[in-house]
Amino acid sequence: MRRGISAVAMAAAIVLGVTACGGGGSDSKDDKGSAAKDPAAVAGSITYWDTSDAKNEAPTYKALIADFEAKYPKIKVNYQNVDFTTVEQKFKAAAQSGKGAPDVIRTDVGLIPEYASLHYIAPLDGTPALTDTGDYLAGPLSTTKYEGKSYGAPSVTDTLGLLYNKDIFAKAGITAPPKTWDELIADSKTIKEKVPGVTGTYVNPDSYFLFPVLFGEGADLADPAAKKITINSPEAVKAVTEAKKIYDTSSLKVDFASAYDNMQTSFRTGKVAMLIQGPWSVSDDLTGSAFKGKESNLGYAPVPAGSTGKALAPTGGHDLAVYQGSKNLDASYLFTQFMTSSSSQQKIALKNGTLPTRTSAYTAEVTKNPQIAGFKPIMDTARPRVALPQVGSLFTPLQQQYIKILQGQTSVQDGLDAAAKEFGKLLPGFSTQ
């Protein structure tokens, strides 16, 4: 699963003018809903790019594809597992050239606006691909939107929460997880005093993990409606000042060369009492000495709130998107519908432990999984990232300056001003503070 978004150089905004073709194997091509009228008549082949973990998650998706082909024997699915870290550039290259692009792609939710703005993916409103939208959780459904249209079908979702070691909390006399960042700092001090060898938290320097602090102060990267860069606003400065305070007073010092792996090791071995993390990390956490054989020792809570009183984290996860140049749109729509149905999502959740995007998929059996039960209420307060085509490219300059701030190489204001200046190069027409 995702460890944050890989920042990439912003692609040139090339309008391809790709014409959406009707499904190659369908006799009825009069409108987007043709496949829904007679899905059994749809025939042909499609290619699916899956970015799930090849070893631990992909077998579940392959099994579902077999079920789909059994239901629609005239459709053949060419399954390809593509590494998450490289799929973005591969898809862009294929879509831009018009050669080798998949018919359906599993994509990080943060990439939907960029793909849509470049006309690489098809709008799904009114197609069989996007059905029963009232059953979707509001957060995941919002990730599919760009300029008023829906370009994806939510498949799996996630967010950031506070994971904590219940045993350490008990030893420190802490009876409940912190509800604010100030409480997190105070609890960290108590842990240091009462539990030798244990540090309160670990501040991940990946800029994605800065979002809960930014959101808690009412800050964000930019304001698309006002065409304004806001990463150096007073609210953002206050948020990053708080993050720096947490790092200085409460965090195990970071080895910036391998921050994520060291963070995970520190938590699962009981050297750190609490983390801001996502559900993708839980299976790894449970392999460590602090939690192996005692899964109930792992606690789940919302991220702490900022001065606004709101505990907010970003909505993450993956959507299925359909390539606009697909030669078999009808089959692509049917496949997307099948793979994101409530039944399929239940199977995915039971096998892979990922969070469904449909309300009806949270059955009693699914919520027996502690991590799903733990993160489901946290999802209720998650919010989408800013819907800009360039949002993925904004993470690199922000992360570069955030690391400098944490290391004390620059002040919060100067660092965020420098990030805002780089944002300006990526967001033409946007003003800065």
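Along the sequence shown, residues are numbered consecutively beginning with 1.
- Here the closest non-hydrogen pair linking Thr265 and Thr269 is O-OG1, 2.6 Å.
- Between Tyr260 and Gln277, the side chains place a donor N or O and an acceptor N or O closer than 3.5 Å (distance only, hydrogens not considered).
- At least one donor-acceptor pair under 3.5 Å links the side chain of Arg358 to the backbone N or O of Asp132.
- Ring-plane geometry between Tyr115 and Tyr120 is classed as tilted, the angle between the planes lying from 30 to 60 degrees on a 0 to 90 degree scale.
- Cation-pi geometry between Arg383 and Phe215 is met: under 6.0 angstrom from the ring centre, within 45 degrees of the axis.
- Shown here for Ser117 and Tyr146, the closest heavy-atom pair between the two residues is CB-OH, 3.6 Å.
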#### Entry: Worked verdict on Asp223 versus Val386 for side chain to side chain contact (heavy atoms under 4.5 Å, CB included)
CA-CA 8 Å; Asp223 181 349; Val386 60; over 6 Å; no
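- When atom types are taken as modelled, the side chain of Thr357 and the backbone of Pro154 share a donor-acceptor pair closer than 3.5 angstrom.
- The backbone N or O of Ala420 sits nowhere less than 3.5 Å from a side-chain atom of Asn232 that would complete a donor-acceptor pair.
- Taken to the nearest 0.5 Å, the CD atom of Glu114 stands 10.0 Å off from the CD1 atom of Ile121.
- Using modelled atom types, one finds a donor on one side chain and an acceptor on the other under 3.5 Å when comparing Asn81 with Tyr79.
- Using modelled atom types and a 3.5 Å distance limit, the side chains of Thr230 and Asp220 yield no donor-acceptor pair.
- With hydrogens and angles disregarded, a donor-acceptor distance shorter than 3.5 Å links the side chain of Ser207 to the backbone of Phe395.
- Atom CG in Leu320 sits 9.0 Å away from atom CG in Asp50 (nearest 0.5 Å).
- The minimum heavy-atom distance linking Thr159 with Ala382 is given by the pair OG1-CB, 3.5 Å.
- Side-chain atoms of Gln401 and Thr410 form no donor-acceptor pair, as typed in the model, at a separation below 3.5 Å.
- Within the 3.5 Å criterion, the main-chain N or O of Leu355 finds no donor-acceptor partner in the side chain of Thr157.
- Contact annotation: the side chain of Asn78 never approaches that of Ile46 to less than 4.5 Å [non-hydrogen atoms, C-beta and beyond].
- Scanning all heavy atoms of the two residues, the minimum distance from Ala373 to Thr367 falls at CB-O, 3.4 Å.
- No side-chain heavy atom of Phe291 sits under 4.5 Å from any side-chain heavy atom of Glu295.
- Interatomic distance, Thr315 OG1 to Leu141 CG, rounded to the nearest 0.5 Å: 11.0 Å.
- Residues Val303 and Phe209 form no side-chain contact, since every pair of their non-hydrogen atoms from C-beta on lies 4.5 Å or further apart.
- Under 4.0 Å is where a charged nitrogen must lie from a carboxylate oxygen, and between Lys351 and Glu57 no such pair does.
- Side-chain contact between Val104 and Thr47 is absent, with no heavy atoms from C-beta onward closer than 4.5 Å.
- Exactly one of Thr201, Leu275, Asn262, Asp284 qualifies for a side-chain contact (heavy atoms from CB on, under 4.5 Å) with Phe267. That residue is Leu275.
- Taken from CD1 in Ile348 to CE in Met339, the straight-line distance is 5.5 Å, to the nearest 0.5 Å.
- Using cut-offs of 30° and 60° for the angle between ring planes, the Tyr247 and Phe256 rings count as tilted.
- Contact between Met274 and Ser188 at its shortest, heavy atoms only, is CE-OG, 3.5 Å.
- Between Asp319 and Thr107, the side chains place no donor N or O within less than 3.5 Å of an acceptor N or O (distance only, hydrogens not considered).
- Taking 4.5 Å as the limit, some side-chain heavy atom of Leu416 sits within range of a side-chain heavy atom of Val412.
- Screening residues 164-183 for side chain to side chain donor-acceptor pair (under 3.5 Å) gives Asn165-Asn297 as the qualifying pairs, with residues at least two apart or on separate chains.
- Between the side chains of Ser342 and Gln346, at least one donor-acceptor pair of N or O atoms lies under 3.5 Å.
- Here CD1 of Ile105 is found 9.0 Å from OH of Tyr48. Values are rounded to the nearest 0.5 Å.
- Side-chain atoms of Ser251 do not come within 3.5 Å of backbone N or O of Lys253 as any donor-acceptor pair.
- Residues Pro356 and Val156 fail the side-chain proximity criterion, which asks for heavy atoms closer than 4.5 Å.
- Note on ring orientation: taking the six-membered ring where Trp is involved, the planes of Trp280 and Tyr208 are tilted (angle from 30° to 60°).
- Using a distance-only test at 3.5 Å, with no hydrogens or angles considered, no donor-acceptor pair links the side chain of Thr143 to the main chain of Gly139.
- The side-chain heavy atoms of Leu162 and Tyr300, taken from C-beta on, include no pair separated by under 4.5 Å.
- For the residue pair Asp285 / Gln264, a side-chain donor-acceptor distance below 3.5 Å is found, with atom types taken as modelled.
- Looking at Ser150 and Lys145, their side chains do bring a donor and an acceptor atom within 3.5 Å of each other.
- For the atom pair CG (Asp206) and CD1 (Ile276), the distance works out to 13.5 Å, reported to the nearest 0.5 Å.
- Between Phe84 and His318, the distance separating the two ring centers is shorter than 6.0 angstrom.
- When atom types are taken as modelled, the side chain of Gln345 and the backbone of Ala361 share no donor-acceptor pair closer than 3.5 angstrom.
- The minimum heavy-atom distance between Leu221 and Leu394, with the atom names listed, is CD1-CD1, 4.1 Å.
- Ring to ring, Phe430 and Phe423 are not that close: their centroids are 6.0 angstrom or more apart.
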### Pair Glu365-Lys368, salt bridge (Lys or Arg N to Asp or Glu O under 4.0 Å): steps then yes or no
CA-CA 5 Å; Glu365 187 178 11; Lys368 284 181 182 177; over 6 Å; no
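- Proximity of a side-chain donor or acceptor of Asp255 to a complementary backbone N or O of Ala257 within less than 3.5 Å is detected.
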Under 3.5 Å, side-chain donor or acceptor atoms of residues 234-242 against the rest of the protein: list the pairs with distances, not counting sequence neighbours.
unit_1	atom_1	unit_2	atom_2	d
Glu235	OE1	Ser233	OG	3.3
Lys238	NZ	Ser307	OG	3.2
Thr241	OG1	Val237	O	2.7

### Query
Can Ser326 and Asn328 be said to form a side chain to side chain donor-acceptor pair (under 3.5 Å), step by step?
CA-CA 5 Å; Ser326 170; Asn328 201 337; over 6 Å; no
#### Entry: Intermediate values then yes/no, salt bridge (Lys or Arg N to Asp or Glu O under 4.0 Å), Lys244 and Asp248
CA-CA 6 Å; Lys244 170 68 168 157; Asp248 288 341; 3.2 Å; yes
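- By the 4.5 Å heavy-atom criterion applied to side chains, Val198 and Lys192 are not counted as neighbours.
- Looking only at distances, no side-chain donor or acceptor of Ser344 sits under 3.5 Å from a matching main-chain atom of Thr340.
- With a 6.0 Å cutoff to the six-membered ring centre and a 45° limit on the axis angle, Lys376 counts as a cation-pi contact of Tyr362.
- In this structure, Lys404 does not pair ionically with Asp414, as no charged nitrogen and carboxylate oxygen lie closer than 4.0 Å.
- Between Phe375 and the choices Leu163, Asn369, Thr354, the side-chain contact (heavy atoms from CB on, under 4.5 Å) rule is met once, by Leu163.
- The side chain to side chain contact (heavy atoms under 4.5 Å, CB included) test applied to Asn56 returns Asp53, not counting sequence neighbours.
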